[in-house]
Amino acid sequence: MDIFCKIVNGEIPSYTLYEDEIVKVFLDVNPDANGHSLVIPKKHYLNLYDIDNETLIHIMDVARKIGKLLEEKLHCSGLTLIQNNGSIQEVKHYHLHLKPQYENKQELLKVEEIYNILTK
Ligand code: AMP
């Protein structure tokens, strides 16, 4: 079983920002930027070629909401969406990266600190 399926079924903890019956959003444990988050479907899909359109639309809708949260709470100035497929995909469970961009260089804070800012 892949690591994200284990997060979905509660075997591995995560800094969860949002979840519903279709998706889960949590902070990346090895972030490229403060607030770097991942949106995953709860059901296992390998990648872009495997996932259905309806789930993708929902993922994008949730990405938009979480993007607004990152803007409001972390005051980022932009947001980059990345989704790796094939050999460059480390975790073999579809996931959309939300990477906040900042005008000025930011010190990387602990994931727990970012979680506290985003959820308080
Ligand atoms: P990718 O290359 O798109 O497959 O990236 C996988 C991402 O998952 C990387 O940014 C990792 O830091 C992240 N990651 C791996 N394990 C975990 C975990 N247990 N919780 C949160 N993020 C994770």
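Side-chain atoms are counted along with the backbone in the values below, which use heavy atoms only and exclude waters and symmetry mates. Counting starts at 1 for both ligands and their atoms, in listed order.
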## Note on the structure
atom 11 (C) of ligand 1: of Asn30, Asp32, Asp28, the nearest heavy atom sits on Asp28
## Note on the structure
re atom 2 (O) of ligand 1, the protein heavy-atom contact at minimum distance is Glu90 N, 3.3 Å
### Query
Sub-3.5 Å donor-acceptor pair from the side chain of Tyr45 to the main-chain atoms of Thr55, do we have one?
no
### Heavy-atom pair with the smallest gap, counting every atom of Leu46 and Gln89
O-NE2, 2.9 Å
### Task
Would you check the N or O atoms of Val91, main chain and side chain alike, for any that come under 3.5 Å of an N or O of ligand 1?
yes
### Message
Out of all atoms in ligand 1, which are within 4.0 Å of some heavy atom of His97? Include the element for each.
### Response
1 (P), 3 (O), 5 (O), 7 (C), 10 (O)
### Summary
So the atoms of ligand 1 within less than 4.0 Å of a heavy atom of Asn84 turn out to be 1 (P), 2 (O), 3 (O)
### Query
Counting from 1, what ligand 1 atoms have a heavy atom of Ile88 closer than 4.0 Å?
2 (O)
### Task
Please work out whether the ring planes of His95 and Phe4 are parallel, tilted or perpendicular, with thresholds of 30° and 60°.
perpendicular
### Summary
One finds that the ligand 1 atoms under 4.0 Å from a non-hydrogen atom of Leu27 are 21 (C)
### Query
Do Ser77 and Glu103 come close enough that some side-chain heavy atom pair is under 4.5 Å?
yes
### Query
Does Lys92 pair with Asp2 as a salt bridge, N-O distance under 4.0 Å?
no
## Note on the structure
for atom 22 (N) of ligand 1, nearest protein heavy atom and its distance come out as Val29 N, 3.3 Å
### Query
Hey, which atoms in ligand 1 end up nearer than 4.0 Å to a heavy atom of Gln89?
4 (O)
### Sole residue of His44, His93, Glu11 in side-chain contact (heavy atoms from CB on, under 4.5 Å) with Met1
Glu11
### Query
Does the pair Lys68/Glu71 count as a salt bridge with the N-to-O cut at 4.0 Å?
yes
### Query
Can you list the ligand 1 atoms lying under 4.0 Å from a non-hydrogen atom of Phe4?
8 (O), 17 (C), 23 (C)
### Query
What protein heavy atom sits nearest atom 6 (C) of ligand 1, and how far off is it?
His95 NE2, 3.5 Å
### Message
When you measure from the side chain of Gln106 to the backbone of Leu108, do you find a donor-acceptor pair of N or O atoms at a distance under 3.5 Å?
### Response
no
